[in-house]
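Because only heavy atoms are used, hydrogens play no part in the values below, and waters and symmetry mates are left out as well, while side chains stay in. Reminder, nothing fancy here: chain letters follow the sequence lines and each chain counts from 1. All of these numbers come straight from a predicted model, not from anything done at the bench.
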Number of protein chains: 2
Amino acid sequence: MSKKTTIYDLAKRLGISPATVSRSLNDHPSISGKTKKKVLEAAKETGYRINKFASNLSLQKSNTIGVIVPRLNSDFMSTVLSGIETIANNAGYNLVISQSLEQEEKEKFNTKTLFESGVDALLVSLANETMNYDHFSIFTDRKIPLLFFDRVIDLPNCPTIIIDNEAAGYQATEHLIQQGCKHIIHVSSGLNRSVYKLRYAGYRKALKENENNFRERVIQVDNFSPPEAKKVIDFIKTSVHPIDGIFVSSDSLAVYIIKELRSNGYQVPNDIKVVGFNNDPVAQVITPELSTIEYPGYKMGKLAGQSILSHLSGSINIETADQIILKHRLIIRESSQK
Amino acid sequence: MSKKTTIYDLAKRLGISPATVSRSLNDHPSISGKTKKKVLEAAKETGYRINKFASNLSLQKSNTIGVIVPRLNSDFMSTVLSGIETIANNAGYNLVISQSLEQEEKEKFNTKTLFESGVDALLVSLANETMNYDHFSIFTDRKIPLLFFDRVIDLPNCPTIIIDNEAAGYQATEHLIQQGCKHIIHVSSGLNRSVYKLRYAGYRKALKENENNFRERVIQVDNFSPPEAKKVIDFIKTSVHPIDGIFVSSDSLAVYIIKELRSNGYQVPNDIKVVGFNNDPVAQVITPELSTIEYPGYKMGKLAGQSILSHLSGSINIETADQIILKHRLIIRESSQK
DNA sequence: GTAATTTATGTAACCGGTTGCGTAATTGGT
DNA sequence: ACCAATTACGCAACCGGTTACATAAATTAC
């Protein structure tokens, strides 16, 4: 009971070889039915448990998938993770999850750690800070499946799962324009990450196309925490042109901006219209309810999991890098309607 | 570059034994400085990486901690996980995270999987469904550290980390009473989990002590998702006594109840006062802002991590089961003030 | 009834580190 | 220069499965 039994114990007990025990436990075709039964019974009786350490060493695989995310405690990320976990768990894979906390150094460290711990594949959503991608070469060099989701970078043979951020940014801005906004600002963070850069590009495109002399203006925040809302309000208060529209790259920040606007005497949506991003739960809790871009986190997670699993099972040619673009959707609520 | 080098390769290359290489890499005291240097250099040159599979097998430890949570995508849980991850990662441990989705079967399966995958310790927050705890005996039998947090159960030698839910429930209810509420209901889920049972007990205690003939009434919901709010509203609308106070075991549900109340013509807090639980971000986003119990998730995660690490390092006597009770705090906001 | 197959099991090497024990090499003391 | 005490390193077993290959047993074929 307290002592662990090995296949050698079982072999001795049954007077057969460890190889036969191993094959029986793995339901190998060349073992007779009765022997298998005997082994299974003995295994049950003795409380035998496979030693994955030994199995992993022998098979050179861990049935484990590594994940690196910027942070665990964001509604979007935890939803994606939930999707990944569901798929992975169902397929018998464990998930080793670590967070980079937006730091390049931590991301590097985690990449190395996960590599050494022998994950069979790695899923990554990049840190804002990360500018160099060499740390992923230990995976790509050895053809270990590597996939990026949401915060992606284009590396050879690495699938990516994203939404069309540029189109989303365009639609959000276009919507504000159609609602009559003349001076729309964009609030974003870390423009070196493509997600944000593309939303910004979409914003600019929409402004350009609508031959107004709107001046584009990005307020870059350090992160999407509540205090950053103040920076936006400060800008608005001191702006020469009266700001009447805000496209924020994050719902969580958007709601704080709305609160801050209201406490500064601005009416939303009358004075200023706001569109967020993500469709976080808070979007439907704030008054007025927040217009936003629906971002299919759970689906993204499931697809990321499925994609990497099919790579692992070899049913997809690893050399064929693919890109999956999920549908997003502009959800119009009160915060942006005239 | 593409071929992995082993300590045997290094040994051959340097004309020394694998044992010396191993000891050098582990900075063993009985190896001379020059040899160590030689080995380290050769390791760098050849791009040597330790094979954790082999190391784990030999050492019978994985530097991995398993975690089972009801679900990943809840603000509270992901915050706890973030705390655990920070501590674990810092100490060189990986985190294998899985979710039970509130199902006893999945919890059992995950427990078994994590055991077999050789985690050095297990952290668990129980599923609502779970009624039987035998599946944890594989851990307790073999003295593998097992710790419960938040949704706990008292098992021999298993530390727990919680808050004083009864006191919190008491305070929340008492506060409502002091604000003049005469008919307070409690909204909760799965009363077989101690967290919820204790909050309920606190609620009852507060009612009893205030010698009114308040009748206690629990509305039990299946989960804390938005649709469940309707059940609560239905009860309130058909109640003989006019309900004027609600203590909800979850902020996320509380905000939907408030929204639903408002759209049914009730004024919060004038007609009905509401207190939630958790201090989720939504609590400050809803209008009126939600009074709630602050629940220190990040700290809970960090403590869970630290506690289990000290068990692993042996600095705490494993036989001494401890219980850590974190401080909670009633945060009074608009939703409950007269 | 014997050879040709097919089926069932055993042998032994391998996966790549780790470590107790023994020995050779170096240092130190006098 | 000689013996003792350190110090540095090698040998070999071990961790527990997995699997190619060999071999023995059971079937089938003629």
What is the distance, to the nearest angstrom, from the [atom1] atom on [X] to the [atom2] atom on [N]?
| X | N | atom1 | atom2 | result |
| --- | --- | --- | --- | --- |
| A/Lys37 | C/dA8 | NZ | C1' | 15 Å |
| B/Asp27 | C/dT19 | CG | C1' | 16 Å |
| B/Asp9 | C/dC14 | CG | P | 14 Å |
| B/Leu10 | C/dT18 | CG | P | 12 Å |
| B/His28 | C/dG20 | NE2 | C1' | 10 Å |
| A/Leu25 | D/dT18 | CG | P | 8 Å |
| B/Lys34 | C/dA25 | NZ | P | 14 Å |

**Asked** Does A/Ser22 place a side-chain N or O at less than 4.0 Å from the phosphate oxygens OP1/OP2 of D/dG17?
**Response**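 No, because none of the side-chain N or O atoms of A/Ser22 sits under 4.0 Å from OP1 or OP2 of D/dG17.
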
**Asked** Of all residues at least two apart in sequence or in a different chain, which pass the side-chain hydrogen bond (donor to acceptor under 3.5 Å, both in side chains) check with A/Ser62?
**Response**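 If we apply the side-chain hydrogen bond (donor to acceptor under 3.5 Å, both in side chains) test to A/Ser62, skipping adjacent residues, the hits are A/Asp120.
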
**Asked** Taking only residues two or more places apart in sequence or in another chain, which ones pass side-chain hydrogen bond (donor to acceptor under 3.5 Å, both in side chains) with B/Tyr298?
**Response**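 Once residues adjacent in sequence are excluded, the partners of B/Tyr298 under the side-chain hydrogen bond (donor to acceptor under 3.5 Å, both in side chains) criterion are B/Thr86.
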
**Check: B/Ser310 side chain, B/Gln306 main-chain N or O, donor-acceptor pair, under 3.5 Å** =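 Yes, the answer is positive, given that a donor and an acceptor are paired below the 3.5 Å cut-off.
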
**Request:** Find the bend of the helix from C/dT5-D/dA26 to C/dT30-D/dA1 as the angle between its two terminal axes (five pairs each), to the nearest 10°.
**Result:**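 Both end axes considered, the difference amounts to 40°.
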
**Asked** Given B/Glu116 and A/Lys52, is the salt bridge (Lys or Arg N to Asp or Glu O under 4.0 Å) satisfied, shown in steps?
**Response** CA-CA 6 Å; B/Glu116 283 177 352; A/Lys52 286 282 180 191; 5.2 Å; no

**Request:** Using a 4.0 Å heavy-atom cut-off across all strands, classify A/Asn56 as base, sugar-phosphate, or nothing.
**Result:**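 No contact at all - A/Asn56 keeps every heavy atom at 4.0 Å or more from the nucleic acid.
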
**Asked** Is it the case that A/Ser17 and A/Thr20 place a side-chain donor and acceptor less than 3.5 Å from each other?
**Response**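 Yes, A/Thr20 and A/Ser17 have a side-chain donor paired with an acceptor closer than 3.5 Å.
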
**Asked** With distance as the sole criterion, is a donor-acceptor pair present between the side chains of A/Gln103 and A/Glu129 under 3.5 Å?
**Response**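 No - no donor-acceptor pair under 3.5 Å links their side chains.
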
**Item:** Contacts of A/Lys302 that satisfy salt bridge (charged side-chain N to carboxylate O under 4.0 Å, His left out) - sequence neighbours left out
**Value:**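 Salt bridge (charged side-chain N to carboxylate O under 4.0 Å, His left out) list for A/Lys302, sorted by chain: empty.
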
**Prompt:** Would a line drawn from the ring center of A/Phe148 to the ring center of A/Tyr133 be shorter than 6.0 Å?
**Reply:**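 Here the rings of A/Tyr133 and A/Phe148 have centres that are no less than 6.0 Å from each other.
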
**Residue pairs passing the ring pair (Phe, Tyr, Trp, His ring centres under 6.0 Å) test where at least one lies in residues 77-122 of chain A, sequence neighbours excluded** =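 Matches after skipping sequence neighbours: A/Phe115-A/Phe139.
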
**Complete:** Whether each nucleotide of nucleotides 7-16 of chain D has a protein heavy atom under 4.0 Å at its base (B), only at its sugar-phosphate (S) or at neither (-) is summarised, 5' to 3', as -BBBBB--BB

